[in-house]
Every structure is written in C-alpha cells, then in structure tokens.
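Values in this document were obtained by computation on a predicted structure and should not be read as measured data.
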Amino acid sequence: MELLQLHYFLAVARSEHVTEAARKLHVTQSSLSKTIQRLEEDLGVLLFDRIGRKLQLNEFGRRFLRRAERALFELEQGKQELSDLSSPDHGALELGVTSASVLPDILRKYRKKRPNIQFHVQMLTTQEMIMLLERGEVDYCLSSPPVERDEIECQVVFIDPILVAVPMGHRLAERSSVSLSELKNEWFVGLKVGYGTRDLMDPVCKSVGFTPHYVYEGDEPARLVNLVEAEIGIAFIPSTARNDRAQIKYLQVETHEVVRKIALLWHKSRYISPAALDFHEVVVEYFEGLSKETQL
C-alpha cells in the first residue's frame, strides 16, 4: 500500500466522483481509477459502490476512510513538527472563523509578536468549520456558537451581547433598548442559515411569537452595517461587530438576555506548534482585555 493510494482514496471518498477528484488532484481519470483499483486489490475488498458515474463509499470504504484519515493526519502532524524544529521562527497558521469582526485586531497583535509567521484565514459556516477541525486541517477556529465534539477542544473566551441595529431615521432610533416583540413587523437584513448569529436569533424570535422577515440574506457579516445604514432593514449585530462610525443606532434587547459565546476551538490530537500556542495566548489576552473594557 502506498501513500499516493491513500491520498487518492481520500479525494474520491470526499467528492464521490472520479472526474471531480481527478480535477482537484490534477491527474487523469484513468490514472486515478487505476490507483483506486490497485488499492482495492491490495485490500481484497471493494471500497465503493459504482452508481452510474458516481462512486459511493460502501461499508468497507467507510471503515477504511476513518483509518486512512487518521494515518495521513498523523503523518502530516509529524511533518509539521519537524518543520517547526528546523525553522522555529517561520511557518504558517491555518485559521477558521464563523465571524471575523474581531479578527483584524487579533491578527495585528499576533503579527507584532510573530512577524515571520504566515497565516491563512477562512470564513466558514459552523458545519464547514466542524468538518475541517475533525479532519485536522486547521490549527484554530474562532467560533460562535461553541462546538462540543469528542475530538475538539473548546474554550469559551468571550460572552458577546447581541444588539439591534437600526438606521438613524428609524422609529426606534431615539430608544436605548427594545423588546423583541416590537420587531415582529420589521424588515431584517442578516446572514444565511448556518451562521452563528442567525441560528441563535431565529429560535429566540420564534419563542416570542414571530419569524423575522429577511429581505437580505448573505454570508458577509460586515455588509450588514452598510445595509442598515442604507435603511434596507434592521439587523441583529453582536457587540464586537458594532461600527460606531456608521449612521446607526444600537439598541439593547429588553426582557431577554441575548448573548453569543465566542470560543476558540482546536483538534485535541493535532500537533500544536510554538507559533500556534502564541496565537492561543494572544486570543485569550485580547478577549480578557475586551471583557475589562465592557465592565467599565
């Protein structure tokens, strides 16, 4: 059995389509198919059920996938550890976020501490984030809501109140707070289902007798401020995402303590480099400072 066979098997197992997997691997379909066939011959069982042009993992394939992912995961961790030992002041961090509102400040502080470390950040839905964490493909994720999984370590770092953002000309703009029931006839702008604030607030609104009427649903949280300012609708905005330079009024929510928990997540078995540990430290220190500011 060869490592190349395992890499090809994982690609086909995840896409369940030889054409798509071959395109991602930059190999021909025939070469990929032959490699998978040799792997099946080595194992003595078929790993896929052929359904038309698609391949679907069968019971043998599903069981082997878990082992193959773990084997390649450990090899990748070993490679990363040796790289850090040979070049401790260089390297890269893979980061995932479900909300990027505080990320610029965190990355600015981290870059001052570790100027030679590169980083790559992905904006993810909660389910995408869980998938990458379980595969060990990211060092850390900043997530709201927190995630509880056997293989995932979860540290809550901040309790973030949810505010109601309205344009300056809105009927509620002179208020400092509002009850959720007063918003039932409003037009809303928000994120798509699958993002933390949306998944948090929809059930809360339903519990007081209404479902928000969304006239805009997107995947860029920063754009919501512009849409509220343009009087397209009102929005639920976490306090960490408020923009005090915009022509917007932020209202506290009455009667309900509506907050989101921000958590730092990582894979329990993933190798944590010194650079990654420094990122962890920067995140915790940043939110500790933010908590002190909000208590003043």
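Nearest heavy-atom pair, D199 versus G194, reported as atom, atom and distance to 0.1 Å: OD1-N, 3.0 Å. Taking every heavy atom of both residues into account, A11 and L25 meet most closely at CB-CD1, 3.7 Å. Annotation for L251 and S177: closest pair CB-CA, 4.1 Å, computed over non-hydrogen atoms. Taking each heavy atom of T126 and P145 in turn, the nearest pair found is OG1-CD, 3.9 Å. Closest heavy-atom contact between Y250 and N243: OH-N, 2.8 Å. Between A13 and L65, the shortest heavy-atom contact is CB-CD1, 4.0 Å.
A salt bridge links E20 to K24: at least one charged side-chain nitrogen sits closer than 4.0 Å to a carboxylate oxygen. Salt bridge R50/E40: present, at least one basic N to carboxylate O contact under 4.0 Å. The pair R38-E2 fails the salt-bridge criterion, with no side-chain N (NZ, NE, NH1 or NH2) lying under 4.0 Å from an Asp/Glu carboxylate O. For E59 and R63, the salt-bridge test passes: some basic side-chain N is under 4.0 Å from an acidic carboxylate O.
For the atom pair I162 CD1 and S144 OG, the distance stands at 6.5 Å (nearest 0.5 Å). Distance NZ/K34 to CD/E41: 12.0 Å, rounded to 0.5 Å. Between the CG atom of D160 and the CZ atom of R260 there is a distance of 4.5 Å, given to the nearest 0.5 Å. In this structure, the separation between NE2 on H170 and CG on L172 is 5.0 Å, given to the nearest 0.5 Å. Atom CG in L183 sits 4.5 Å away from atom CD1 in I234 (nearest 0.5 Å). Between the OG1 atom in T35 and the CD atom in Q37 there is a gap of 10.0 Å [rounded to 0.5 Å].
Side-chain contact between S143 and T98 is present, with at least one heavy-atom pair separated by less than 4.5 Å. For the pair S269 and R70, the minimum side-chain heavy-atom distance is 4.5 Å or more. At a threshold of 4.5 Å between non-hydrogen side-chain atoms, the residues E182 and R175 count as touching. In this structure the side chain of I232 never reaches within 4.5 angstrom of the side chain of W187, judged on heavy atoms. Contact annotation: the side chain of L93 never approaches that of H120 to less than 4.5 Å [non-hydrogen atoms, C-beta and beyond]. The shortest distance between side-chain heavy atoms of V18 and L55 falls below 4.5 Å. By the 4.5 Å heavy-atom criterion applied to side chains, L95 and L107 are counted as neighbours. Under the 4.5 Å side-chain criterion, counting only non-hydrogen atoms from C-beta, L191 is not in contact with F236.
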- Item | Worked verdict on Y214 versus D202 for side-chain contact (heavy atoms from CB on, under 4.5 Å) | CA-CA 11 Å; Y214 286 96; D202 277 4; 3.3 Å; yes

- side-chain contact (heavy atoms from CB on, under 4.5 Å) assessment of F73 paired with R270: CA-CA 8 Å; F73 171 78; R270 184 180 172 91; 3.9 Å; yes

- Query: For R14 and E69, what are the C-alpha separation, side-chain angles and deciding distance, and is it a salt bridge (charged side-chain N to carboxylate O under 4.0 Å, His left out)?
  - Reply: CA-CA 11 Å; R14 289 170 178 171; E69 285 181 326; 3.2 Å; yes

- Apply side-chain contact (heavy atoms from CB on, under 4.5 Å) to V45 and F64, showing your working. CA-CA 11 Å; V45 295; F64 187 67; over 6 Å; no

- Task: In sequence, state the C-alpha distance, the side-chain angles, and the governing distance for V204 and V253, and then conclude on side-chain contact (heavy atoms from CB on, under 4.5 Å).
- Result: CA-CA 12 Å; V204 175; V253 176; over 6 Å; no

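D139 places a side-chain N or O within donor-acceptor distance of the main-chain N or O of E94, the cut-off being under 3.5 Å. In terms of modelled atom types and a separation under 3.5 Å, the side chain of Y195 and the main chain of E220 share no donor-acceptor contact. Side chain of E16 to backbone of K54: no donor-acceptor contact under 3.5 angstrom is found.
Connection of L4 to L72 is established within a shared hydrophobic cluster, with ILVMFWY side chains joined at heavy-atom distances below 4.5 Å, either directly or through further cluster members. V189 and M201 fall into different hydrophobic clusters, where Ile, Leu, Val, Met, Phe, Trp and Tyr residues are linked whenever their side-chain heavy atoms come under 4.5 Å apart, directly or through other members. In the hydrophobic cluster analysis, where Ile, Leu, Val, Met, Phe, Trp and Tyr join through side-chain heavy atoms closer than 4.5 angstrom, M123 is grouped apart from V147. Under a hydrophobic clustering in which Ile, Leu, Val, Met, Phe, Trp and Tyr are joined whenever their side-chain heavy atoms come within less than 4.5 Å, directly or via other members, V138 and V121 fall into different clusters. Residue F210 is grouped with residue V258 when hydrophobic side chains (ILVMFWY) are merged at heavy-atom distances under 4.5 angstrom, including chains of intermediate members.
No more than 12 heavy-atom neighbours from other residues, nucleotides or ligands sit within 6.0 angstrom of NZ on K79. For R62, the CZ atom sits in a packed shell: over 12 heavy atoms of surrounding residues, nucleotides or ligands are nearer than 6.0 Å. Atom CZ of R171 has more than 12 heavy atoms from other residues, nucleotides or ligands within 6.0 Å. The neighbour count for D244 CG, taken as heavy atoms of other residues, nucleotides or ligands under 6.0 Å away, is above 12.
Just one of R114, K109, K113 meets the salt bridge (charged side-chain N to carboxylate O under 4.0 Å, His left out) condition when paired with E281; it is K113.
Counting Ile, Leu, Val, Met, Phe, Trp and Tyr side chains that sit under 4.5 Å apart, directly or through other members, Y271 stands alone, with no cluster partners.
For residues 123-159, the ring-ring contact (aromatic ring centres under 6.0 Å, His included) pairs, not counting sequence neighbours, are Y140-W266, Y140-F279, Y140-H280, F158-F287.
Of the N and O atoms on the side chains of Q252 and S176, not one donor lies less than 3.5 Å from an acceptor on the other residue.
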